[in-house]
Structures are given as C-alpha cells and as structure tokens.
Amino acid sequence: MNSLYKINGQNKLKLIDSFLNIRINISDENLVKLIQTQRDICDKLDWIEMDQGRLTKIIEMFIDSGYLHEENYMFILKRIIIIYYKLRVKLDYHSSDQEILQTLFDQYCKGARLYVFEHVDKQLISMELAHQYKYGFNDEQFKNFQKETERILLKQGGKIRDDKSIYY
C-alpha cells in the first residue's frame, strides 16, 4: 500500500482507543478497509492526499458524533470518506479541509438526529431502539447528504474548481 495511505502507529492507537470509548472494538482488518476506501476514492478521483493524518482526522470527528455503533460504523465511515474526497476535489481553495469536514459532520449529526427523533416522535420506534438503529442512511440519502453539504459550503463562500484553479 502506498505510504501516503496509511495510519501511523500513534494515530492507530489513538483511533483504537477512541473506538473503544464508544464500545466498538475495531479490528486491524477494518482499519485496513477504511484506508483502502480512502485510497480507492483518491485513485478514482485522481487525487493525491498529502496529509497522512487526514483519514485519522475524518474518523476521529465522526467517532465523536454519538451516532456510530457496532452495526453501522463501517458503513457510515466509508461513505463519509468518499463524500469528503468528492467534495474536496470539487471545491477549490475557498473551502478549507476543516470547513468541509466540519460541515459534513454538522450535516450528518443533523440528519441522524432528525431521522431518529422523527421516528421516535411518531412512535414508530422506541428511543432505545433508535439508539441501536442504523439511522436510515442508505446510498440515496448519502447522495442527498453530499448535495446538501456542497450547497452549504458554496453558500459559505466555497467555489467549484475550474481548469484555472490552483491545485495545491
């Protein structure tokens, strides 16, 4: 695996500890799958990630969301990684990496909260079940989530890359 796409020892221990704090025992195999997701999307988008800590930053932020659990964390994190890079490639330097990540996080938490409480309020599921549920994010909802996040970033002053954009 290309050395740009890895989690160094210190970040690996930090991630494992963070996952354990939310009662998820992540395996080395699943960490490799998340790294592979990053590498695959970067390859697909012709993007080279120069920040070796980027994946750790993405994962760490979403671990703190309160909406990840044993049954959904790989599904959610893989899609967040993909959406992050699709947005990063599409938006130019007017949107920083941190702005993109923070907006993704805010939108994810908002969507998860709305889904859970809408179903609890309608008594379709119990609050206990809501916390165990996968929060209903399917591929179509993730596409809408990506579009809404992009819309917010553009409203905040982000700009779509063009051929004249600076790529560094």
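By convention here, the first residue in the shown sequence is residue 1. No experiment lies behind these values; they were computed from the predicted model shown.
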Rounded to the nearest 0.5 Å, what separation is found between the [atom1] atom of [X] and the [atom2] atom of [Y]?
X    : Y    : atom1 : atom2 : value
R79  : M74  : CZ    : CE    : 10.0 Å
R88  : R54  : CZ    : CZ    : 8.0 Å
K147 : I152 : NZ    : CD1   : 14.5 Å
L101 : E99  : CG    : CD    : 11.0 Å
L55  : R39  : CG    : CZ    : 13.5 Å
N72  : L77  : CG    : CG    : 8.5 Å

*side-chain contact (heavy atoms from CB on, under 4.5 Å) between L15 and I26: does it pass, once the steps are laid out?*
CA-CA 9 Å; L15 282 176; I26 189 165; 6.0 Å; no
_Minimum heavy-atom distance between I80 and L104, given as atom pair plus value_ =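 What the structure gives for the nearest pair is O-CD1, 4.3 Å.
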*Smallest separation among heavy atoms of G157 and H94, with atom names*: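 Distance-wise, the nearest heavy atoms are O-CB, 3.5 Å.
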*Does a donor on one side chain sit under 3.5 Å from an acceptor on the other, for Q38 and Y84?*
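Short answer, no.
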_Pair S95, Q156: side-chain N/O donor-acceptor within cut-off below 3.5 Å_ =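 No.
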_Which residues pass the side-chain contact (heavy atoms from CB on, under 4.5 Å) test with S65, not counting sequence neighbours?_
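Scan of S65 (side-chain contact (heavy atoms from CB on, under 4.5 Å), adjacent residues dropped) gives Y67, L68, F105, Y108, C109.
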*Does the side chain of L154 reach to within under 4.5 Å of the side chain of K159, using non-hydrogen atoms?*
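Of all side-chain heavy-atom pairs linking K159 with L154, none is under 4.5 Å.
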*Would you say L31 and I16 make side-chain contact, with heavy atoms under 4.5 Å?*
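Yes, their side chains come closer than 4.5 Å.
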*All pairs passing ring-ring contact (aromatic ring centres under 6.0 Å, His included) where residues 20-44 contributes a residue, at least two apart*: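 For residues 20-44, and leaving out neighbouring residues, there are no ring-ring contact (aromatic ring centres under 6.0 Å, His included) pairs at all.
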*Say whether, by atom type as modelled, one donor and one acceptor occur between the side chain of R23 and the main chain of H69 under 3.5 angstrom.*
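Answer holds: no.
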*Judged by atom type as modelled, is there a donor-acceptor pair below 3.5 Å linking the side chain of D64 to the main-chain atoms of M61?*
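No; zero donor-acceptor contacts below 3.5 Å.
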*Name all residues meeting the salt bridge (Lys or Arg N to Asp or Glu O under 4.0 Å) criterion together with K12; count only those two or more places apart in sequence or in a different chain, and write none if there are none.*
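Per chain and number, K12 pairs via salt bridge (Lys or Arg N to Asp or Glu O under 4.0 Å) with D28.
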*Give the C-alpha distance, both sets of side-chain angles, the deciding distance and a yes or no for side-chain contact (heavy atoms from CB on, under 4.5 Å) between I83 and T149.*
CA-CA 9 Å; I83 292 170; T149 303; 5.6 Å; no
_Could you see if I58 belongs to whatever hydrophobic cluster contains L13? Use Ile, Leu, Val, Met, Phe, Trp, Tyr and a side-chain cutoff under 4.5 Å._
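No, because I58 and L13 fall into different hydrophobic clusters, even though each may have its own neighbours under 4.5 Å.
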*Which residues pass the side chain to side chain donor-acceptor pair (under 3.5 Å) test with D40, sequence neighbours left out?*
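Result, side chain to side chain donor-acceptor pair (under 3.5 Å) vs D40: Q36.
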*For K57, which residues count as a side chain to side chain donor-acceptor pair (under 3.5 Å) partner, sequence neighbours excluded?*
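Result, side chain to side chain donor-acceptor pair (under 3.5 Å) vs K57: D51.
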_Could you work out, with ring pair (Phe, Tyr, Trp, His ring centres under 6.0 Å) as the rule, every residue matching F19, not counting sequence neighbours?_
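Once residues adjacent in sequence are excluded, the partners of F19 under the ring pair (Phe, Tyr, Trp, His ring centres under 6.0 Å) criterion are Y73.
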_Before you tell me yes or no, could you show the steps for E49 and Y85 under side-chain contact (heavy atoms from CB on, under 4.5 Å), namely the whole-Å CA-CA distance, both residues' side-chain angles and the distance that decides it to 0.1 Å?_
CA-CA 9 Å; E49 178 57 75; Y85 282 103; 2.9 Å; yes
*side-chain contact (heavy atoms from CB on, under 4.5 Å) between L91 and I160: does it pass, once the steps are laid out?*
CA-CA 5 Å; L91 299 169; I160 301 293; 4.0 Å; yes
